[in-house]
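Remember, predicted model here, so these are calculated numbers, not experimental data. The figures here come from the full heavy-atom set of this structure, side chains too, leaving out hydrogens, waters and symmetry mates. In what follows, every chain begins at residue 1, and chains take the letters A, B, ... in the order their sequences are listed.
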Amino acid sequence: MSPLYVSIYELVKAIPSGQVGTYGQIGRLCGCSPRQVGYAMAVSPTDDIPWQRVINSRGEISVRSDGFKDTEQYRRLKREGVVFDARGRVDLATFQWSGPDGVWWSEHHLEPPL
DNA sequence: TAAATGACTAACA
DNA sequence: GTGTTAGCCATTT
């Protein structure tokens with residue numbers, strides 16, 4: 001396994017239960033493109049990697065190459081307390097992980113929530 | 001080696 | 001809000 005994958009998996013494992021990260025967010029944090037993050041999730045070797053907590057920048061579960069969304073991902077997130085709206089989307093402003101050091105908020109020039 | 005392939009995204013129109 | 005386009009870059013073939 002390449003060092004890149006190791007850092008991606010480490011980052012994903014740092015996302016707390018009940019929160020989500022985006023492919024782009026993880027990509028920026030580990031210095032690679034979002035596509036690599038998606039690819040790394042697709043081949044994630046073990047179940048101790050919370051791959052379900054990585055979704056796309058629109059707050060949706062990404063469509064897989066077979067053209068279907070992963071319903072297990074939806075179930076897992078819901079079980080962790082993540083709320084989906086009627087169109088199956090997550091409110092990123094509420095549920096997006098702030099990063100290992102609050103990085104995400106500063107990147108977006110925002111103040112962290114109380 | 002070279003080309004194809006993505007669980008993507010930002011910036012447009 | 002929708003649709004298109006260009007860029008992305010490690011992995012795979």
Side-chain angles (χ1 to χ4, degrees):
Chain A
M1 177 185 293
S2 73
L4 173 60
Y5 277 29
V6 173
S7 64
I8 290 175
Y9 292 142
E10 287 302 310
L11 233 20
V12 171
K13 281 197 277 191
I15 303 175
S17 176
Q19 293 187 258
V20 299
T22 69
Y23 299 99
Q25 176 187 15
I26 300 300
R28 286 193 305 276
L29 288 171
C30 73
C32 68
S33 76
R35 286 200 181 276
Q36 272 56 256
V37 180
Y39 194 81
M41 291 304 99
V43 300
S44 64
T46 72
D47 221 14
D48 63 39
I49 298 165
W51 51 268
Q52 72 273 18
R53 294 179 195 148
V54 185
I55 63 180
N56 67 31
S57 63
R58 306 181 318 214
E60 297 173 319
I61 291 172
S62 286
V63 174
R64 301 301 195 265
S65 53
D66 60 11
F68 293 93
K69 293 182 180 178
D70 191 321
T71 55
E72 185 184 343
Q73 183 172 11
Y74 175 83
R75 281 199 305 275
R76 288 186 181 211
L77 289 176
K78 210 173 172 185
R79 192 170 66 233
E80 293 179 354
V82 175
V83 175
F84 289 82
D85 69 12
R87 301 233 281 319
R89 301 204 324 197
V90 175
D91 181 4
L92 290 179
T94 303
F95 293 101
Q96 183 167 21
W97 181 42
S98 60
D101 196 26
V103 174
W104 186 84
W105 295 106
S106 59
E107 277 187 358
H108 288 254
H109 311 99
L110 296 172
E111 291 302 318
L114 263 59

Inset, instruction - Rounded off to whole Å, could you give me the CZ-to-P distance for the A/Arg76 and B/dA7 pair? - result: 18 Å
Legend entry - Phosphate OP1/OP2 of B/dT9: any A/Ser57 side-chain N/O under 4.0 Å: yes
Inset, instruction - Rounded off to whole Å, could you give me the CZ-to-P distance for the A/Arg58 and B/dA7 pair? - result: 15 Å
Legend entry - A/Arg28 (side chain) donor-acceptor with A/Ile26 (main chain) under 3.5 angstrom: no
Inset, instruction - Would you give the length of the straight line joining atom CG of A/Leu77 to atom CD of A/Gln19, rounded to the nearest 0.5 angstrom? - result: 12.0 Å
Inset, instruction - Please determine if a side-chain N or O atom of A/Tyr23 lies less than 4.0 Å away from the OP1 or OP2 oxygen of B/dG6. - result: no
Legend entry - Phosphate OP1/OP2 of B/dA7: any A/Arg53 side-chain N/O under 4.0 Å: no
Legend entry - Euclidean distance, atom OH of residue A/Tyr39 to atom P of C/dC9 [Å, nearest integer]: 17 Å
Inset, instruction - Can you tell me, in whole Å, how much space there is between the P of C/dC9 and that of B/dT1? - result: 22 Å
Legend entry - A/Leu92 CG to B/dA10 P, straight-line distance once rounded to whole Å: 11 Å
Inset, instruction - Could you state the atom-to-atom distance from CE of A/Met41 to P of B/dA7 in whole Å? - result: 12 Å
Legend entry - Euclidean distance, atom CD1 of residue A/Ile26 to atom C1' of C/dC9 [Å, nearest integer]: 17 Å
Inset, instruction - Keeping the roles fixed (side chain from A/Glu80, backbone from A/Arg53), state whether a donor-acceptor pair exists under 3.5 Å. - result: no
Inset, instruction - Send over the distance from A/Ile8 CD1 to C/dC8 C1', rounded to a whole Å. - result: 13 Å
